[in-house]
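Below: one structure, written as structure tokens.
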Protein chains: 2
Amino acid sequence: MTTNNAYEADMTERRWPGQETGKPGFLRPPSMARPADECRHSPLPPLMPSIHDVAAMAGVSIKTVSRVVNKAPNVSAELRERVTAAIRQLGYRPNQSARRLAGGRSFMIAFLYNNPAPSYNGGIQSGAANRCRDLGYHLVVEPMPLAGEDRFAILDRLVAALRPDGVFLVPPLSDDARLLQRLSELKLPCARIAGSVMAESFNIPTPERAAGRMVADHLIGLGHCRIGVITPPASHKAAMQRVEGFRDGLLAAGLPIDDALFMEGAFDFESGIRAGERLLAEVRRPTAIFATNDDMALGALTVAHRLKLSVPEDLSVVGFDDTPAGLTAWPPLTTVSQPLEAMGSAVIDALAGSSADSPQFTFRLIQRGSSGPAAV
Amino acid sequence: MTTNNAYEADMTERRWPGQETGKPGFLRPPSMARPADECRHSPLPPLMPSIHDVAAMAGVSIKTVSRVVNKAPNVSAELRERVTAAIRQLGYRPNQSARRLAGGRSFMIAFLYNNPAPSYNGGIQSGAANRCRDLGYHLVVEPMPLAGEDRFAILDRLVAALRPDGVFLVPPLSDDARLLQRLSELKLPCARIAGSVMAESFNIPTPERAAGRMVADHLIGLGHCRIGVITPPASHKAAMQRVEGFRDGLLAAGLPIDDALFMEGAFDFESGIRAGERLLAEVRRPTAIFATNDDMALGALTVAHRLKLSVPEDLSVVGFDDTPAGLTAWPPLTTVSQPLEAMGSAVIDALAGSSADSPQFTFRLIQRGSSGPAAV
DNA sequence: GTCCGAAAAGACAACGTTGTCATGCTCTCC
DNA sequence: GGAGAGCATGACAACGTTGTCTTTTCGGAC
């Protein structure tokens, strides 16, 4: 039911008295929406105490409570003490909607994603959500289409309705120049993970290149000298660095760079199969394959199985991302793991300005059964 | 930095004039938070028009605009037309914070999850987020610990800050009795997927049992009569139904039920390996294994590889969930797929009361290379 | 003692929306 | 033509916070 009418789509259908529809709907109807009110003047403590309740209990003005809550300076120790006690006793929590309305902050951070790898998104999201929790923010998720004008409509609606305090993007969205430009027009603080396109938004860099080098060193160390590479789609700039790093390793080891051994994939299993088939059909068959993500590596592994090649005896395969599928494959996949949760956490820190420096991450090579010494 | 002090933890650190810290933080400082104001009386259309701008342009009161926006009855066609035009021209979008504050609705739905399978969460979340978008809601994600008192604190904070219009849970959270009780105390509309514990909250049932039966029929149809089953942990009530359905199938086919062939797993890869090892060490080795989720099935598959059993010639393996890892395994896993996106979407419909009936889902058996005829 | 400046506390008006009530206006029916 | 019922519209007060400005209080220097 996606409609192009931006206005219509933003409104929720709602039943009005007189419009009888059979099913009542599950959400609390508006009329009973404020249980707090009934409690306000009752002897029982209010269910959802407001700043006024706290102020009354502490015998101060609401402004003083506000100051204490926001850790503003110029509040005497004594009052701060009293207010804090009242807050604790009542279990007061500021109402975010009211804060947003009055103060211009929403305490919402929007997570825009498109990455089809659920474990990648999941890891980042989990780290980000937990850090948000610590900092008093909330994470709103918004899946975005990769292309098309829809994404601008989606973004506009999100921004208009929520006015998030910040937005963050993961690859490949973090290289979507038009999206970044729109975000900058909207003057939304924005942070990206592993972006490579230049943009004014903050970017959290990742050691893609060093990781690519690490894979090269690993395979070369095992004696491989003819190594096929399944490269990312050209749009995936960050992942492209993995290939660069891999080339660095070949150069450093004095190995030749054979363009026939570089096959472009689409970051999915199918394209890994196709690339693997072509690589393994080479007359001088490579003894190892480095795929720039796990899905493609698993495609290569599947081709090896189909061709009855033993892994790692006949062929070593290395992936990238440390997805769950790599762990459960046979043989388990040698791959590179990223500290996803820490990265998600760092993005929130960057947006909230609560971290001291630009974070540094290290990617780790996870050696498992799919890579071994080259056959002699 | 998780602190137990509920009050402290809810507040974001904030820089006040005079407190100089080196890094400015990335979020827009509060003072420049309202760019809309500057535009209000300028000749240019306001960047973020409010209901007042629309009312002024259409020459009506703000209340009338509100009525049009909320599709309330009793507005003349002419005014509705004028207002709609003004809304469109200005690109007006209602401010959710203000709506929440005034109307008692937040247009937020909270998604509580714990399920460690990212593709499961991801699928549900994606369906839910898209449906939210259609209906004008937003999806706030909140990862929850499985046990411990923390989850109540997390829930309380979420509710206090956001007052979400609804909450939804996926397994195994949907069977967390204490959490459900707390939600009901908070009077929060709540919907669950595949819950089996009785609770007053709405539950979206899934055909787990029928799916288990389907797997049994599939394997029995291939000629298997000795089939190992890796069961879910006892806490996963919904998944337990899969085993029931499987038993139904055995009974219907007149096959014996051998308790030695039922091994409890923990829904993860490792436990699948352990259960697989034990099953395949049986003197009369089963010719097929049904694991109640893919991770455990992949564990069994790994054991088969280690024992140099051919799959499916020597052993058929069937999983459940249709995870990406099952697709990329070797051989690709026969499994059961759930319409995750539709389920996520349906939960939102249930919460918003926008669907006519309780939805019915069908699980599909995905036949792939890991299951085949029983050896004679 | 007076005065001054700074610090502490409060009063009050936003913020943008919805709920409630009041006010017309237009029918219909006697 | 007058009463009453309904519809269409608007005025205004919430909602719970924060920003701004004002007032009070408190030290200390003269």
Side-chain angles (χ1 to χ4, degrees), chain A residues 11-12 14 16-18 29-37 40 46 48-56 58-80 82-83 92-107 160-161 163, chain B residues 11-12 14 16-18 29-37 40 46 48-56 58-80 82-83 92-107 160-161 163:
Chain A
M11 314 303 156
T12 64
R14 186 155 146 202
W16 293 94
S31 50
M32 21 175 322
R34 290 180 217 150
D37 284 14
R40 179 62 40 84
M48 287 283 182
S50 82
I51 200 172
H52 290 96
D53 300 306
V54 176
V60 298
S61 74
I62 58 166
K63 185 67 222 192
T64 300
V65 177
S66 172
R67 274 191 264 261
V68 172
V69 163
N70 291 285
K71 302 204 205 308
N74 302 345
V75 181
S76 70
E78 187 214 336
L79 282 200
R80 167 165 280 133
R82 273 191 359 231
V83 169
Y92 165 73
R93 297 292 180 68
N95 177 318
Q96 302 296 58
S97 296
R99 287 183 114 176
R100 162 68 189 76
L101 192 55
R105 312 204 297 165
S106 68
F107 301 91
R163 327 265 160 124
Chain B
M11 315 302 156
T12 65
R14 185 152 145 203
W16 294 94
S31 49
M32 25 177 318
R34 290 181 218 150
D37 285 14
R40 181 60 41 84
M48 287 284 181
S50 84
I51 200 171
H52 290 97
D53 300 307
V54 176
V60 298
S61 76
I62 57 167
K63 185 65 220 190
T64 299
V65 177
S66 172
R67 275 191 263 261
V68 171
V69 162
N70 291 285
K71 302 203 203 309
N74 303 345
V75 181
S76 68
E78 187 215 335
L79 282 200
R80 167 165 280 131
R82 262 173 32 212
V83 169
Y92 166 73
R93 298 293 180 67
N95 177 319
Q96 302 297 56
S97 297
R99 285 183 116 176
R100 162 70 189 75
L101 192 55
R105 313 203 298 165
S106 67
F107 301 92
R163 328 262 162 124

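Protein chains get the first letters and strands the later ones, always in sequence-line order, with residue 1 at the start of each. The structure displayed is predicted, hence computed values, not measured ones.
The two residues A/His52 and A/Ile62 make their nearest non-hydrogen contact at CD2-CG2, 3.4 Å. Across every non-hydrogen atom of A/Arg80 and A/Val75, the tightest pair is NH1-O, 3.6 Å.
Not one side-chain nitrogen or oxygen of B/Ser50 sits closer than 4.0 Å to the OP1 or OP2 atom of C/dG16. For the OP1/OP2 pair of D/dC15 and a distance below 4.0 Å, the side-chain nitrogens and oxygens of A/Asn95 include no atom meeting the criterion. In terms of phosphate contacts, B/Ser66 brings a side-chain nitrogen or oxygen within less than 4.0 Å of OP1 or OP2 of C/dT18.
In this structure, A/Arg93 CZ and A/Ser50 OG are separated by 15.0 Å, a value rounded to the nearest 0.5 Å.
Spacing between atom CD of A/Gln96 and atom C1' of D/dT17 amounts to 10 Å, rounded to whole angstrom units. Computed from coordinates, the A/Glu78 CD to C/dA8 C1' distance equals 12 Å when rounded to whole Å. The nearest whole Å value for the distance from the CZ atom in B/Arg100 to the P atom in D/dT17 is 10 Å. Note: CG (B/Asp53) to P (C/dC15) measures 11 Å, nearest angstrom. Between the CD1 atom of A/Ile62 and the C1' atom of C/dA14 there is a distance of 12 Å, given to the nearest Å. For A/Arg163 and C/dT17, the CZ to C1' distance is 11 Å, given to the nearest whole Å. The distance between atom CZ of B/Arg67 and atom C1' of C/dT20, rounded to the nearest whole Å, is 11 Å. Between the C1' atom of D/dC12 and the CD1 atom of B/Ile51 lies a distance of 14 Å, rounded to the nearest Å.
Closest contact between the side chain of A/Leu79 and the listed nucleotides D/dT17, C/dA9, D/dG10 involves C/dA9. Considering only the side chain of A/Pro94, D/dT17 comes nearest among D/dA8, D/dT17, C/dA11. The side chain of A/Ala102 sits closest to C/dA14 out of C/dA14, D/dG10, D/dA8. Side-chain proximity of A/Ala98 to the nucleotides D/dG19, D/dA11, D/dG16 is greatest for D/dG16. Picking from D/dG16, D/dA8, D/dT18 the nucleotide with the shortest atom distance to the side chain of A/Arg99 gives D/dT18. If you check C/dA11, C/dT18, D/dT17 against the side chain of A/Lys63, the one that comes closest is C/dA11. Of the listed nucleotides (C/dA8, D/dG19, D/dT9), D/dT9 has the atom at the smallest distance from the side chain of B/Val75. If you check C/dC15, C/dT18, C/dA8 against the side chain of A/Ser76, the one that comes closest is C/dA8. Side chain of A/Thr64, nearest nucleotide from C/dA9, D/dG16, C/dA7: C/dA9. In the set D/dA11, D/dC15, D/dC7, D/dC7 carries the atom at the smallest distance from any side-chain atom of B/Asn74.
Looking only at distances, no side-chain donor or acceptor of B/Arg67 sits under 3.5 Å from a matching main-chain atom of B/Ala72.
Side-chain atoms of A/Arg100 and A/Asn95 form no donor-acceptor pair, as typed in the model, at a separation below 3.5 Å.
Taking the C1' atoms of five terminal pairs at each end of the helix from C/dG1-D/dC30 to C/dC30-D/dG1, the two resulting helix axes are inclined by 50°, rounded to 10°.
Residues B/Gln96 and A/Leu101 are not in side-chain contact: their nearest non-hydrogen atoms beyond the backbone lie 4.5 Å or more apart. Taking 4.5 Å as the limit, some side-chain heavy atom of B/Val69 sits within range of a side-chain heavy atom of B/Arg99. In this structure, A/Ile51 and A/Ser66 have side chains that are in contact, with non-hydrogen atoms separated by less than 4.5 Å.
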